[in-house]
A.B. asks: 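Here's a structure for you.
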Amino acid sequence: MSQEKAPIPLGSNFIRAIVDKDLEQGVYASRKWAGTPGDATHQAAGQPDPAKIRTRFPPEPNGYLHIGHAKSIFLNFGLARDYNGVCHLRFDDTNPEKESQEYVDSITDSVKWLGFGWQNGGESNLYFASNYFDFMYRAAEALIENGHAYVDSQSAEEMRINRGTLTEAGKNSLWRERTVAENLALFREMRDGKHADGSLILRSKIDMASPNINLRDPAIYRVRRAHHHNTGDKWCIYPMYTFAHPIEDALEQITHSICTLEFEDQRPFYDWLLERLAEAGLLAHPLPKQYEFARLNLTYVVLSKRKLIQLVEEKHVSGWDDPRLPTLAGARRRGYVAEGFKLFTDRIGVSKADSWIDYSTFEDCMREVLNINAERRIAVLDPIKLVIDNYPVNSVEDCFAPNHPLKPELGKRIVPLTRELWIEREDFMEVPSKGYFRLTPEGMVRLRYGYVVKCTGCEKDANGNVTVVHCEYLPDTKSGTPGSDSVKVKGNIHWVSAQHAYECEVRLYDRLFKEAHPGQGQTEDGHDRDFLTDINPNSVTVITAQLEPSLKDAKAEDSFQFERHGYFVADKIDSVAGKPVFNRTVTLRDAWQK
RNA sequence: UGGGGAGUCGCCAAGUUGGUUAAGGCACUGGGUUUUGAUCCCAGCAUCCGAAGGUUCGAGUCCUUCCUCCUCAGCCA
């Protein structure tokens with residue numbers, strides 16, 4: 001037998017390699033889980049954790065989720081699913097000034113929409129960092145008691161100056177050597193509201209000369225009188241991310257804490273903190289470990305929270321769920337589908353290399369799943385009349401159109417054929433360009449699912465614009481009859497009976513930005529370019545289209561392929577029963593360059 | 001300029017302890033099928049792994065030097 005290499009598992013990446021190794025070595029085998037988050041004592045009373053690994057998706061509820069978050073969601077929830085683990089949804093709500101319930105709600109919605117949940121057996125793994133404030137306070141006191149933290153009286157400005165620079169060491173604060181008793185007293189006073197916002201701050205005591213600036217006594221607790229969406233006015237001191245996040249992970253028995261690259265420099269503090277708290281008996285080994293991956297960069301969109309907020313607040317878009325926005329709420333309204341996100345995240349992989357993904361890669365993923373899932377319908381978006389002059393005036397004839405060419409079991413539906421039809425303006429050319437094989441004078445074309453017709457001419461208005469096209473049909477050539485192949489034509493155009501058509505509003509969306517990297521580069525006079533100048537002025541076109549009658553019954557969020565055009569969805573918000581309006585999700589690929 | 005990361009086909013990305021022909025996907029290019037110029041099918045697509053040296057029977061994988069890019073100086077996350 002030859003020694004063949006084991007096949008590389010699909011979707012292999014460096015994080016899976018780490019998990020594989022950890023599992024193989026039993027790194028987390030001794031973990032216990034009491035059913036809820038808690039400290040060492042709490043967990044020690046629990047059972048061996050049935051979850052092989054625990055991951056978490058920890059958004060701050062201060063904005064809407066976007067495509068970049070989808071990458072993280074699929075990574076974390078996907079890992080848990082594939083390794084018999086559990087993934088927690090945790091709101092990292094340690095800064096009350098920016099956070100709100102509105103964001104909490106939209107985030108839970110989006111996670112569910114992508115197909116994930118937090119119910120695992122009998123437990124609900126939906127958590128809030130703010131529910132750990134009591135423990136965090138206790139942990140801070142423990143740090144103080146063990147000489148690992150002190151209360152600083154420097155102003156923010158002084159702290160900044162004394163932190164040093166990238167190349168120069170910082171200077172110790174004058175208050176760095178306060179006694180444990182003094183620190184404890186002051187910290188309690190901070191908690192009890194005896195000090196003004198910004199007047200005192202709790203810092204960890206590590207090394208002001210560290211080459212890693214994040215280790216120069218980072219701030220861990222600040223005084224901030226602000227109403228918290230979850231804890232109300234209970235606290236006037238709040239922990240910093242740096243301090244809070246490792247603790248959240250540890251209390252939840254997270255094994256693999258996965259975040260983006262910009263937190264790499266934070267990892268030494270993450271480990272330092274957890275070790276100190278383990279020494280103090282508050283946490284037990286094995287402790288969670290942090291791993292970092294490259295965040296998503298997508299061409300033709302902006303994903304920074306600041307820019308998204310600006311687009312919404314300055315009303316360049318209609319709201320957080322504008323179909324042109326890369327938010328998950330917007331994507332959903334646009335007609336993008338969860339399964340497409342799954343395909344996309346599988347396809348782009350996970351690594352530590354900074355990369356830019358072409359927006360078309362994302363669109364292709366959506367096309368791919370929509371092609372499989374979406375039923376076909378007929379829509380004329382830019383209508384022009386076609387009259388079949390040799391067809392009886394009051395006749396209505398049934399034609400049969402398959403609902404899905406790849407799924408015959410979905411059956412066919414009837415589309416009525418009459419003498420006067422709507423066809424696509426671009427399907428007729430009086431003077432055809434090279435390679436054009438649709439309707440032209442004297443030319444023949446098939447009316448899809450109907451007859452072959454021969455063009456006999458057209459009418460024009462005073463400006464020379466074509467207003468009506470005339471043709472005659474070949475009675476023996478109806479689709480589905482033996483004679484249908486008697487006349488071979490290359491062109492095949494879609495149509496809708498003018499008498500039966502559903503006249504409907506359709507929004508044709510295009511990219512929000514006309515540049516691959518909005519705002520990148522500099523202006524002629526050397527300033528940074530404003531990303532707003534790259535907004536595509538034609539990112540949406542609202543038209544009145546003529547749709548096949550059955551489309552009247554479409555329900556909000558139903559997706560269809562409008563044949564020869566693309567994928568469209570009945571708008572989630574603006575559709576009314578019996579009167580849906582459609583959004584173009586993405587066009588079909590078009591290999592024919594005019 | 002200090003610390004921490006990253007550089008494999010146009011875009012992503014495997015490549016675990018060095019082992020002989022550098023996965024796969026997307027894109028692209030040919031050809032076929034097709035009542036969507038869609039889909040689908042078939043074929044092609046890196047003598048080369050940021051660069052230059054070196055170690056070795058053998059290097060994308062080890063060593064040295066260099067280059068480029070990202071990231072850190074919030075009482076944001």
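Below, read A as the first sequence line, B as the second, and so on, with proteins coming before strands; counting in each chain starts at 1. Small disclaimer: the values here were computed from a predicted structure and weren't measured. What you see below is based on every heavy atom in this structure, not just the backbone, and it leaves out hydrogens, waters and symmetry mates.
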A.B. asks: Think A/Thr94 has a side-chain N or O under 4.0 angstrom from the OP1 or OP2 of B/A77?
C.D. replies: yes
A.B. asks: Mapping A/Leu406 and A/Pro58 to their closest nucleotides on RNA chain B, which lands nearer the 5' end?
C.D. replies: A/Leu406
A.B. asks: Figure out the CZ/C1' separation between A/Arg203 and B/A73, and round it to whole Å.
C.D. replies: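 Those two atoms, CZ and C1', are 12 Å apart.
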A.B. asks: So, do A/Gln154 and A/Arg160 sit near enough that their side-chain heavy atoms are less than 4.5 Å apart?
C.D. replies: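 They are not in side-chain contact.
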A.B. asks: Please pick, from B/A38, B/C11, B/A14, the nucleotide with the shortest atom-to-atom distance to any side-chain atom of A/Ser12.
C.D. replies: B/A14
A.B. asks: Do the side chains of A/Glu375 and A/Lys407 get close enough for a salt bridge, i.e. N-O under 4.0 angstrom?
C.D. replies: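 No, no charged N to carboxylate O under 4.0 Å.
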A.B. asks: By nearest nucleotide on RNA chain B, pick out whichever of A/Glu60 and A/Arg160 is the more 5' one.
C.D. replies: A/Arg160
A.B. asks: Between A/Lys305 and A/Glu60, is the closest basic N to carboxylate O distance under 4.0 Å?
C.D. replies: no
A.B. asks: Only pairs with both distances under 3.5 Å count, Watson-Crick or wobble alike; so what is the partner of B/A6 in this structure?
C.D. replies: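 Pairing partner, where one exists within any strand: B/U68.
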A.B. asks: Can you find a heavy atom in the side chain of A/Met429 that is under 4.5 Å from one in the side chain of A/Leu439?
C.D. replies: no
A.B. asks: For a quick check, tell me whether the side chain of A/Asn212 and the base of B/G4 share a donor-acceptor pair closer than 3.5 Å.
C.D. replies: no
A.B. asks: Are any of A/Arg589's side-chain N or O atoms less than 4.0 Å away from OP1 or OP2 of B/U39?
C.D. replies: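 Yes, within the criterion.
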A.B. asks: In this structure, how many angstroms lie between the C1' atom of B/C72 and the CZ atom of A/Phe263, rounded?
C.D. replies: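 Rounding to the nearest Å, CZ of A/Phe263 and C1' of B/C72 are 12 Å apart.
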A.B. asks: For A/Met159, answer base if it contacts any base atom (sugar-phosphate contacts may also be present), sugar-phosphate if it contacts only those atoms, and nothing otherwise; contact means non-hydrogen atoms under 4.0 Å.
C.D. replies: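 Result for A/Met159 = base.
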A.B. asks: Based on the glycosidic angle (syn within 90° of 0, else anti), state the conformation of B/G7.
C.D. replies: anti
A.B. asks: Measure distances between side-chain N and O atoms of A/Arg376 and base N and O atoms of B/U36, and say whether any donor-acceptor pair falls under 3.5 Å.
C.D. replies: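 For A/Arg376, whose side chain was compared with the base of B/U36, there is a donor-acceptor pair (under 3.5 Å).
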